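For reference, the structure is listed below as structure tokens.
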Amino acid sequence: MPRIRRGFTLIELLVVIAIIAVLIALLLPAVQAAREAARRAQCVNNLKQIGLGIMNYESSVGSLPWGECPHVGGNSAPSSLCLMLPYLEQSTLYNAVNFSRGGGGPGLWNSIDVFNKTIQISKLNTFICPSDVSRIDFSARGIATPGGTSYQSNAGADAYSFLTGTTSPGGPGTINAFSGPFPSYCPVVRIASIVDGTSNTAAFSELVTGQGAYAGGFDNLKPSSSFANSATNASGAAGGTANPQTDFNRCTATGGVTSTNVLAATGGDWPVGAAWWWGRSGQTRYNHVMTPNTYNCSFGGDNSDSDDDALTAGSRHPGMVNLLMMDGSVRAIKSTVNRNTWWALATMAGGEVISSDSY
């Protein structure tokens, strides 16, 4: 009897391959979603660690860490993250900080220098969201790349909320109706100062790190992380009355970020979130002028250090940002949140009433 050879026909093989391809196509999105869920969970945990650091700092020192306080002068202000290092299990790194440098001489904190290089180039996992994509690279300038951060403290609701030296209305260190819990120029803020309630006041949120060697430019990967160029001044400029609605309207009037309507650089040419140790706006502080994941604006056509900007919370999580509240909880805020609610969450003593179902 002749032996019968068994095997697949060409049609059967093609059918099997097609079925496997369909199964892979169905499986990959589920795998990607599971990975993003894990990254988001780690991001939430990072913010909770920062929240614990805030509470422990306040209990020990008697006030919240400053958002920005030039204790020596110029750009020498350490960030709230830097001040909280001992309460984030980073006492060794904190002891390496040379707080005495600054004020126009060698060792300004807006440069990588020998006096603080140890901490400036250190990268801490607690300060980086796993979903963020950092392309910060200072090698083009021949200097070391600093440690970045995906998390920034809430300065307030209006564009002048983190202006150093002058706030409007008021003067240096003034806390007004639009101020957040991490304002400028050394005001003492305690938990008792947050009269709107710690569960209704934002502490930290996400801000995607900037791109490029130094300047930002148009970010194809995340256009909302670029800066729209607004020729109009912010509401608080030149003695005007600060108002987030006015700033929102002027930023929106730019038409959004495009490849032709974007500043090449802002904030002294440092990419957003490049330096976790520096207390300036865009490095460790944001505001609530624009709703999450929209875009940033620099007012007055200015790409220098004027600080009257709309620095907007944003993440690489789909359609939302994680928001750390002053009570230590972390909320998922949709990009479609009502802007009045978003402004109310920014203020610590604005007297707004916020419904729990509005965000």
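These numbers come from the heavy atoms of this one structure, side chains and all, not from hydrogens, waters or symmetry mates. The structure presented is a predicted model; accordingly, all values stated were derived computationally and were not measured.
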Minimum side-chain heavy-atom gap [X]-[Y] below 4.5 Å:
X      : Y      : result
Tyr286 : Asn154 : yes
Ile333 : Met320 : no
Leu207 : Tyr151 : no
Pro146 : Ile121 : no
Ile54  : Leu64  : yes
Trp66  : Pro78  : no
Cys43  : Pro130 : yes
Thr209 : Val272 : no

Check Cys297 against Cys251 for me: are their SG atoms closer than 2.5 Å? yes
Please confirm whether the backbone N or O of [Y] pairs with a side-chain atom of [X], one donor and one acceptor, at under 3.5 Å?
X      : Y      : result
Asn45  : Ala41  : no
Thr252 : Phe248 : yes
Trp343 : Val289 : yes
Ser59  : Met55  : yes
Glu206 : Asn322 : yes
Thr347 : Ala349 : no
Asp247 : Ser235 : yes
Gln283 : Ala274 : yes
Ser335 : Gly319 : yes
Asp196 : Gly350 : yes

Roughly how far apart are [X] [atom1] and [Y] [atom2], rounded to 0.5 Å?
X      : Y      : atom1 : atom2 : value
Leu85  : Tyr57  : CG    : OH    : 11.0 Å
Asn125 : Ile128 : CG    : CD1   : 8.0 Å
Arg331 : Ser205 : CZ    : OG    : 13.0 Å
Lys334 : Asn293 : NZ    : CG    : 13.5 Å
Asn287 : Ser161 : CG    : OG    : 4.0 Å
Asp132 : His317 : CG    : NE2   : 8.5 Å

Donor-acceptor side-chain pairing of [X] and [Y] below 3.5 angstrom:
X      : Y      : value
Thr198 : Asp327 : no
Ser184 : Arg285 : yes
Ser131 : Glu36  : yes

Please determine whether the number of non-hydrogen atoms from other residues, nucleotides or ligands lying under 6.0 Å from atom [atom1] of [X] exceeds 12.
X      : atom1 : value
Lys123 : NZ    : yes
Ile11  : CD1   : no
Arg40  : CZ    : no

Between Phe204 and Phe182, does a ring pair (Phe, Tyr, Trp, His ring centres under 6.0 Å) hold up when you go through it step by step? CA-CA 9 Å; Phe204 273 72; Phe182 298 92; 5.5 Å; yes
[X] and [Y]: which non-hydrogen atoms are nearest, and at how many Å?
X      : Y      : value
Asn46  : Thr126 : CB-O, 3.3 Å
Ala242 : Phe178 : O-CE1, 3.0 Å
Leu81  : Phe127 : CD2-CE2, 3.8 Å
Leu311 : Gly282 : CD1-N, 3.3 Å
Thr341 : Ser358 : CG2-OG, 3.5 Å
Trp276 : Cys82  : CZ3-CA, 4.0 Å

With side-chain contact (heavy atoms from CB on, under 4.5 Å) as the test, would you mind laying out the steps for Thr294 and Thr291 before giving the verdict? CA-CA 6 Å; Thr294 49; Thr291 50; 3.4 Å; yes
Chi angles and distances behind the side-chain contact (heavy atoms from CB on, under 4.5 Å) call for Arg316, Val133: CA-CA 8 Å; Arg316 301 190 190 274; Val133 179; 3.7 Å; yes
With a distance cut-off below 6.0 Å to the six-membered ring centre and an angular limit of 45° from the axis, does Arg280 pair with Trp278 as a cation-pi contact? yes
Are Val61 and Met84 connected, step by step, through hydrophobic side chains (Ile, Leu, Val, Met, Phe, Trp, Tyr) whose heavy atoms are closer than 4.5 Å? yes
In terms of hydrophobic clustering (I, L, V, M, F, W, Y; side-chain heavy atoms under 4.5 Å; direct or indirect links), are Val16 and Ile24 co-clustered? yes
side-chain hydrogen bond (donor to acceptor under 3.5 Å, both in side chains) pairs touching residues 82-96, sequence neighbours excluded, are Ser60-Tyr87
Leu324 and Lys48: CA distance, side-chain angles, deciding distance, side-chain contact (heavy atoms from CB on, under 4.5 Å) verdict: CA-CA 7 Å; Leu324 171 67; Lys48 287 184 176 180; 5.5 Å; no
Could you walk me through whether Leu345 and Ile354 satisfy the side-chain contact (heavy atoms from CB on, under 4.5 Å) test, starting with their C-alpha distance in whole Å, then the side-chain angles of each, then the deciding distance to 0.1 Å, before giving a yes or no? CA-CA 8 Å; Leu345 289 172; Ile354 309 174; 3.8 Å; yes
